Every structure is written in structure tokens, then in C-alpha cells.
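When a residue number appears, it is its place in the shown sequence, counting from 1. All figures in this text were calculated on a predicted structure; none of them were measured in a lab.
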Amino acid sequence: MEAPARLLPSLAFSCALAQWCTEEEKSGVDMLSPTTCSFEGTSNINSSVLAQQAILLFPEVVGPLVGKSSARELKKERWKNVLKHKHFMLAKIRRSDNPVLGKLVSIYVERSHPCLRSDKIIQWLLVHCERVVQKLNPRVLTPQNLTVCLFVYMFIARVRQMQMVRKEMNQESEQFRKY
């Protein structure tokens with residue numbers, strides 16, 4: 001069973017970053033302003049949508065990526081608040097419990113951190129991490145918060161389905177070996 005390439009952290013984060021660079025170059029507008037860093041008012045997929053999807057799908061990447069690209073950033077209060085959130089704490093546990101995931105994250109971080117050394121890019125990532133945290137802890141249920149929660153639920157359901165299929169395949173191969 002093949003997983004779509006979009007389910008790899010390298011493609012998810014790289015597409016978001018490439019889209020952001022393209023948008024910033026074309027518009028000349030500060031892409032870190034509150035009006036440009038949101039889902040609201042978007043009829044198509046922009047860098048904000050891609051970045052927040054990447055963060056939702058692969059929170060395991062964020063801490064190591066920022067630490068490798070700009071270690072001093074992790075000492076700042078805003079990053080500490082983001083990384084204390086349950087979404088990122090559970091990701092850290094998953095990364096340490098699953099050696100394959102840990103290896104995938106370390107490979108991506110090692111290969112991509114030179115592209116993310118710019119303070120502006122680290123700030124862009126922080127803004128979107130904060131937006132994800134806000135959307136995961138909604139005070140008021142809005143269509144945007146509902147969309148994010150639904151996206152996370154669908155991703156988790158798909159991962160569980162893939163795990164069950166893998167388990168069934170392993171059981172079948174064990175039975176086949178017995179014969």
C-alpha cells in the first residue's frame with residue numbers, strides 16, 4: 001500500500017515554504033501580517049493553508065527543525081508556549097517512541113534546515129504554529145476551527161486504517177510462512 005507523497009513531511013513543509021516565497025515575491029506584501037496568515041478569505045490554497053496543514057500533520061518536525069535552524073529561537077517565550085501545547089508534546093512523545101518516525105524527522109531536518117535559517121522564515125513558521133494552537137483550542141466554534149478539527153480527525157482515521165491494514169498483512173504473511 002502506497003501513501004500519497006503529501007503524507008511526507010518534506011513535501012508538506014517544502015510546498016508551504018515554496019508557496020510562501022512565491023506569494024511574497026509576487027505581492028511585495030508582508031506575508032506575516034494577520035490578514036495574510038489565515039484561512040479566512042481564501043478561495044484557493046495559499047501558503048497559510050499549506051503551512052498549517054503541514055504543522056497539523058507533522059508536529060513532530062517543528063521542534064527539531066527550529067532547534068537545528070535557529071537554536072536561540074527555542075528559548076523565546078512564544079516558542080516555549082507553542083511547544084508546551086498538547087499537540088506538540090504528544091508529537092515529541094511519538095517521535096521518541098517510533099524509531100521510523102524519528103529517523104524520518106531527523107533526515108528531513110538535516111536536509112532542510114539550511115533553507116530555514118532566515119529569521120523571517122522562522123517567524124513565519126511560529127505564526128502558523130500559534131494559529132494551529134489557537135484552532136486546536138477554540139473558544140468559539142467557527143467554520144475554520146471545525147475544518148481544522150475535521151482535517152485532524154480524518155488524518156488520524158486514515159493513519160489508524162493504514163496501521164490496521166499493515167497489521168493484517170503481517171498476520172497473513174506469518175500464516176503464509178507457517179505453510
Side-chain angles (χ1 to χ4, degrees), residues 6-24 29-42 45-96 101-102 104-142 144-156 159:
R6 190 171 179 194
L7 292 178
L8 297 172
S10 56
L11 189 64
F13 281 95
S14 297
C15 285
L17 180 59
Q19 183 68 27
W20 178 70
C21 291
T22 303
E23 288 170 4
E24 191 167 70
V29 176
D30 178 17
M31 296 306 289
L32 293 175
S33 71
T35 57
T36 57
C37 288
S38 68
F39 286 113
E40 291 85 23
T42 60
I45 294 181
N46 63 19
S47 62
S48 292
V49 172
L50 293 172
Q52 291 173 35
Q53 285 179 350
I55 293 163
L56 283 166
L57 287 171
F58 303 105
E60 297 86 359
V61 171
V62 174
L65 189 58
V66 174
K68 182 83 171 174
S69 300
S70 180
R72 71 183 187 287
E73 285 292 321
L74 288 179
K75 296 176 183 166
K76 293 184 177 176
E77 198 61 34
R78 286 176 68 192
W79 272 112
K80 287 181 182 179
N81 289 337
V82 164
L83 296 175
K84 281 191 307 192
H85 187 269
K86 181 181 178 182
H87 185 61
F88 293 97
M89 294 300 289
L90 291 174
K92 184 176 181 180
I93 292 168
R94 280 192 305 271
R95 190 175 63 240
S96 62
L101 180 61
L104 182 68
V105 168
S106 66
I107 289 170
Y108 174 68
V109 167
E110 193 61 41
R111 289 188 178 184
S112 65
H113 82 274
C115 300
L116 299 168
R117 288 196 172 181
S118 163
D119 287 340
K120 196 169 188 178
I121 293 172
I122 296 295
Q123 183 66 23
W124 170 77
L125 186 61
L126 173 61
V127 166
H128 289 295
C129 286
E130 289 173 333
R131 295 246 182 225
V132 166
V133 167
Q134 288 171 356
K135 288 180 183 342
L136 290 173
N137 294 330
R139 291 187 183 130
V140 177
L141 191 59
T142 65
Q144 290 80 20
N145 294 340
L146 187 59
T147 302
V148 169
C149 292
L150 184 60
F151 180 78
V152 170
Y153 174 77
M154 288 171 42
F155 176 73
I156 291 170
V159 168

Worksheet item: So, do Leu50 and Trp20 sit near enough that their side-chain heavy atoms are less than 4.5 Å apart?
Response: no
Worksheet item: Arg94: what forms a salt bridge (charged side-chain N to carboxylate O under 4.0 Å, His left out) with it, not counting sequence neighbours?
Response: Glu60
Item to complete: Name all residues meeting the salt bridge (charged side-chain N to carboxylate O under 4.0 Å, His left out) criterion together with Lys86; count only those two or more places apart in sequence or in a different chain, and write none if there are none.
Response: none
Worksheet item: Under 4.5 Å between any side-chain heavy atoms of Leu136 and Leu56, yes or no?
Response: yes
Worksheet, complete the sentence: One should read off an interatomic distance between Cys115 SG and Leu65 CG, to the nearest 0.5 angstrom, of 9.5 Å
Worksheet item: Are Leu126 and Lys76 close enough that some pair of their side-chain heavy atoms sits under 4.5 Å apart?
Response: no
Practice prompt. Measure the shortest side-chain to side-chain distance between Cys21 and Trp124 over non-hydrogen atoms and say whether it is less than 4.5 angstrom.
Written response: no
Worksheet item: Which residue, Arg78, Lys135, Lys80, forms the salt bridge (Lys or Arg N to Asp or Glu O under 4.0 Å) with Glu130?
Response: Arg78
Worksheet item: Which distance, rounded to the nearest 0.5 Å, do you find between the CG of Leu17 and the CD1 of Ile121?
Response: 5.0 Å
Practice prompt. With the side chain counted from C-beta on, respond yes when Arg131 and Gln134 share a heavy-atom pair under 4.5 Å apart, and no when they do not.
Written response: yes
Worksheet entry | Residues forming a side chain to side chain contact (heavy atoms under 4.5 Å, CB included) with Ile107, sequence neighbours excluded | Lys103, Arg111
Practice prompt. Applying side chain to side chain contact (heavy atoms under 4.5 Å, CB included) between Arg95 and each of Pro59, Pro64, Ser106, report the one that passes.
Written response: Pro64
Worksheet item: Closest heavy-atom contact between Ala51 and Ala16?
Response: N-CB, 3.4 Å
Discussion item. With a 4.5 Å cut-off on side-chain heavy atoms, are Phe13 and Tyr108 touching?
Written reply: yes
Discussion item. The criterion is salt bridge (charged side-chain N to carboxylate O under 4.0 Å, His left out); which residues satisfy it with Lys68, sequence neighbours excluded?
Written reply: Glu110
Worksheet entry | Which residues share a side chain to side chain donor-acceptor pair (under 3.5 Å) with His87, sequence neighbours left out | none
Fill in: His128 side chain reached by Val62 side chain, heavy atoms, under 4.5 Å
no
Worksheet item: Could you state the interatomic distance from CZ (Arg117) to OG (Ser112), rounded to the nearest 0.5 Å?
Response: 11.0 Å
Fill in: Residue list, side chain to side chain contact (heavy atoms under 4.5 Å, CB included) with Ser96, at least two apart or on another chain
none
Discussion item. In the structure I gave you, are the side-chain heavy atoms of Leu101 and Phe58 within less than 4.5 Å of one another anywhere?
Written reply: no
Worksheet entry | Atom of Val66, atom of Trp79 and distance for their closest heavy-atom approach | CG2-CH2, 3.4 Å
